[in-house]
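See structure below.
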Amino acid sequence: MENIQRSLVLIKPDAVERNLVGKIIDAYEGEKLKITALRMITVDEILAKKHYEEHISKPFFNELLEYITRSPLVAIVLQGENAIEKVRKINGNTNPEMAEYGTIRKKYGIDKTKNSVHASDCEISAEREISIWFPEGVKK
Ligand code: ADP
Ligand code: MG
């Protein structure tokens with residue numbers, strides 16, 4: 001049975017700054033994931049806190065906030081078969097040092113915070129995150 005899902009991806013500031021947007025999008029499109037929405041935005045603190053609300057009490061939160069708001073990022077909705085797991089696999093481990101070879105974070109990630117990409121971790125977060133970044137809605 002088909003399991004078409006959506007995932008919210010961010011190409012984070014460290015990757016946009018180093019001109020990696022095309023290479024990163026290519027990795028997703030090459031795995032049959034379809035872009036159904038895309039925008040570039042410099043995030044303010046309010047939006048960043050909404051997106052990362054589960055991490056507000058973490059010791060790394062301030063560093064994360066400063067990084068994610070420092071320059072433009074690219075927000076994307078990807079749709080496809082098992083998109084949630086597929087995208088997280090393409091991205092790799094949160095810590096680039098631990099990420100598998102060939103993953104985006106292994107190739108491009110700088111450190112545990114500046115790890116180039118975000119992807120939703122389940123369908124509920126995906127829908128929550130899509131509504132944050134694309135409040136106008138995204139057609140399935
Ligand atoms: P993921 O992005 O893989 O889902 P988390 O949801 O745990 O990872 O964390 C969200 C983001 O916060 C990470 O992508 C990374 O930018 C940052 N982060 C996570 N853990 C740490 C850490 N231990 N130290 C510094 N930054 C971190
Ligand atoms: Mg996460």
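Order of listing sets the numbers, starting from 1, for every ligand and every atom in it. Being a predicted model, the structure only gives us computed values, none of them experimental. Just so you know, residue 1 is the first one in the sequence shown, and it goes up from there.
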*asked:* Quick one, Lys140 and Gln79 - any side-chain contact, counting heavy atoms below 4.5 Å?
replied: yes

*What distance separates Met98 CE from Lys106 NZ, expressed to the nearest 0.5 Å?*
9.5 Å

*What's the shortest distance from atom 10 (C) of ligand 1 to any protein heavy atom, and which residue and atom give it?*
His55 NE2, 3.5 Å

*Tell me, which protein residue and heavy-atom name are nearest atom 16 (O) of ligand 1, and how many Å apart are they?*
Thr113 O, 2.8 Å

*Pairing of Lys89 and Glu85 as salt bridge, 4.0 angstrom limit*: no

*Report, in ascending order of atom number, the atoms of ligand 1 lying under 4.0 Å from any heavy atom of Leu64.*
12 (O), 16 (O), 17 (C)

_To check your reading of the model: name the closest protein heavy atom to atom 15 (C) of ligand 1, its residue, and the distance in Å._
Lys112 O, 3.2 Å

*Does Glu63 reach ligand 1 with a nitrogen or oxygen that is under 3.5 Å from one of the ligand's nitrogen or oxygen atoms?*
no

*Salt bridge flag under 4.0 Å for residues Glu127 and Arg6*: yes

*Say whether Asp121 and ligand 1 are in contact under the criterion: heavy-atom distance to a ligand atom below 4.0 Å.*
no

*In this structure, which one of Lys12, Lys114, Arg70 forms a side chain to side chain donor-acceptor pair (under 3.5 Å) with Glu17?*
Arg70

*Nearest protein heavy atom with distance in Å, relative to atom 3 (O) of ligand 1*: Thr94 OG1, 2.5 Å

*Which atoms from ligand 1 have a heavy atom of Lys12 less than 4.0 Å away?*
13 (C), 14 (O), 16 (O)

*Protein contact of atom 22 (C) of ligand 1 - nearest heavy atom, named by residue and atom, plus distance*: Phe60 CD2, 3.5 Å

*Enumerate the atoms of ligand 1 whose separation from the nearest heavy atom of Tyr52 is less than 4.0 angstrom.*
10 (C)

*For ligand 1, which atoms, with element, lie under 4.0 Å from some heavy atom of Asn115?*
13 (C), 14 (O), 15 (C), 16 (O)

*Heavy-atom side-chain contact between Val16 and Val74 under 4.5 Å*: yes

_Please determine whether any non-hydrogen atom of Lys114 lies less than 4.0 Å from an atom of ligand 1._
no

_Glu54-ligand 1 polar pair, N/O distance under 3.5 Å_ = no

_side chain to side chain contact (heavy atoms under 4.5 Å, CB included) between Ile25 and Leu38, intermediate numbers included_ = CA-CA 11 Å; Ile25 286 179; Leu38 184 151; 4.0 Å; yes

*Grab the two heavy atoms, one from Phe134 and one from Ala75, that are nearest each other, plus how far apart they are.*
CZ-O, 3.5 Å

*In this structure, are over 12 heavy atoms from other groups packed under 6.0 Å from Lys58 atom NZ?*
yes

*asked:* If we set the cut-off at 4.0 Å for heavy atoms, which region of Asn91 has an atom near ligand 1: side chain, backbone, both, or neither?
replied: neither

_Which option wins on minimum heavy-atom distance to atom 2 (O) of ligand 1: His118, Arg88, Arg105, His51?_
Arg105

